[in-house]
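In what follows, every heavy atom counts, from backbone to side chain, and hydrogens, waters and symmetry copies are set aside. Indexing begins at 1, ligand by ligand and atom by atom, following the structure's order.
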Amino acid sequence: MPEWLNALPKAELHLHLEGSLEPELLFALAERNRIALPWSDVEALRAAYAFNNLQEFLDLYYQGANVLRYEQDFYDLTWAYLLRCKEQNVIHVEPFFDPQTHTDRGIPFEVVLRGIQQALRDGEKQLGISHGLILSFLRHLPEEEAFKTLEQAMPFRDAFIGVGLDSSEKGFPPRLFERVFAKARSEGLHAVAHAGEEGPPEYIWEALDLLKIKRIDHGVRAIEDERLMQRIIDEQIPLTVCPLSNIKLCVFEHMSQHNILEMLERGVKVTVNSDDPAYFGGYVGENFAALHEHLGMTEDQARRLAQNSLDARLA
Ligand SMILES: [Zn+2]
């Protein structure tokens with residue numbers, strides 16, 4: 001990555017902590033916790049990182065998360081991510097975590113949260129990286145389950161800045177979560193949601209109008225709907241775009257076809273993020289580098305994208 005790109009101060013606004021679990025750490029945690037893995041070694045696991053769509057990735061992602069059992073595991077996961085941020089001059093992070101991925105395996109909510117929170121606090125003190133944590137609901141599970149998760153989270157209300165919606169998009173439209181999002185907003189939490197990654201522009205409309213989100217996660221399919229494009233430009237609603245993720249999950253065939261710079265030039269508040277960096281081939285820096293290499297992103301465009309990420313912070 002060119003040095004000027006690395007040196008740009010950036011914020012990361014779309015990152016799943018569980019998706020930053022590198023194969024090496026996954027194997028180390030499996031050994032520490034005495035968990036048998038279906039892969040013989042790190043290389044065999046890496047070789048499994050070839051996905052045809054979002055669901056194929058999610059199946060592996062949930063399998064990987066199974067090695068996270070204790071507070072220290074969640075600390076180590078988060079700390080490893082923050083060290084990468086430091087290297088790439090990411091000065092602020094608003095990561096997601098999926099409590100249901102863990103509570104459904106019998107890991108107490110508190111164990112997950114304490115480990116993450118301690119690492120974020122240490123990151124602020126020792127690395128100078130500020131943060132705001134976002135609790136994300138799994139949309140392939142019923143809204144009732146999301147309500148339970150929100151209830152579990154409320155004793156720790158101050159640990160979060162907002163709620164999100166992730167996991168399998170197609171077939172699980174935002175409208176299914178209208179009530180739980182209303183409840184979260186009534187508690188003073190910001191709302192964001194994944195929409196328009198694999199799902200149609202209608203999902204973005206629903207996320208805006210029914211969930212009243214402040215930021216759209218992905219949103220690259222907004223470009224198919226001119227009226228929607230006009231709205232997100234007029235209202236300057238940020239999009240947390242994840243270029244390498246989009247290629248890895250076949251949202252675009254090749255990076256040279258990605259629409260992020262076209263959106264930027266049309267006045268959309270797009271930002272660059274890594275989504276699940278351990279699985280998709282890179283952190284924020286590598287995402288910027290890919291835009292430079294394959295889309296001819298200029299220095300001026302990179303500066304605007306980085307500035308957008310700082311402007312779109314919720315914390
Ligand atoms: Zn995501």
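- Taking 2.8 Å as the criterion, H194 counts as a coordinating residue of the Zn ion (ligand 1), since one of its N, O or S atoms falls below it.
- Ring pair F57/Y279 is perpendicular by interplanar angle, where above 60° counts as perpendicular and below 30° as parallel.
- The minimum heavy-atom distance between V93 and C85, with the atom names listed, is CG1-SG, 3.8 Å.
- Of the N and O atoms on the side chains of H194 and D166, not one donor lies less than 3.5 Å from an acceptor on the other residue.
- The Zn ion (ligand 1) has an N, O or S atom of H14 inside 2.8 Å of it.
- Taking 2.8 Å as the criterion, D166 does not count as a coordinating residue of the Zn ion (ligand 1), since none of its N, O or S atoms falls below it.
- E71 and Q118 are not linked by any side-chain donor-acceptor pair at a separation below 3.5 angstrom, with hydrogens and angles left out of the test.
- As for D275, its N/O/S atom nearest the Zn ion (ligand 1) is the one called OD1.
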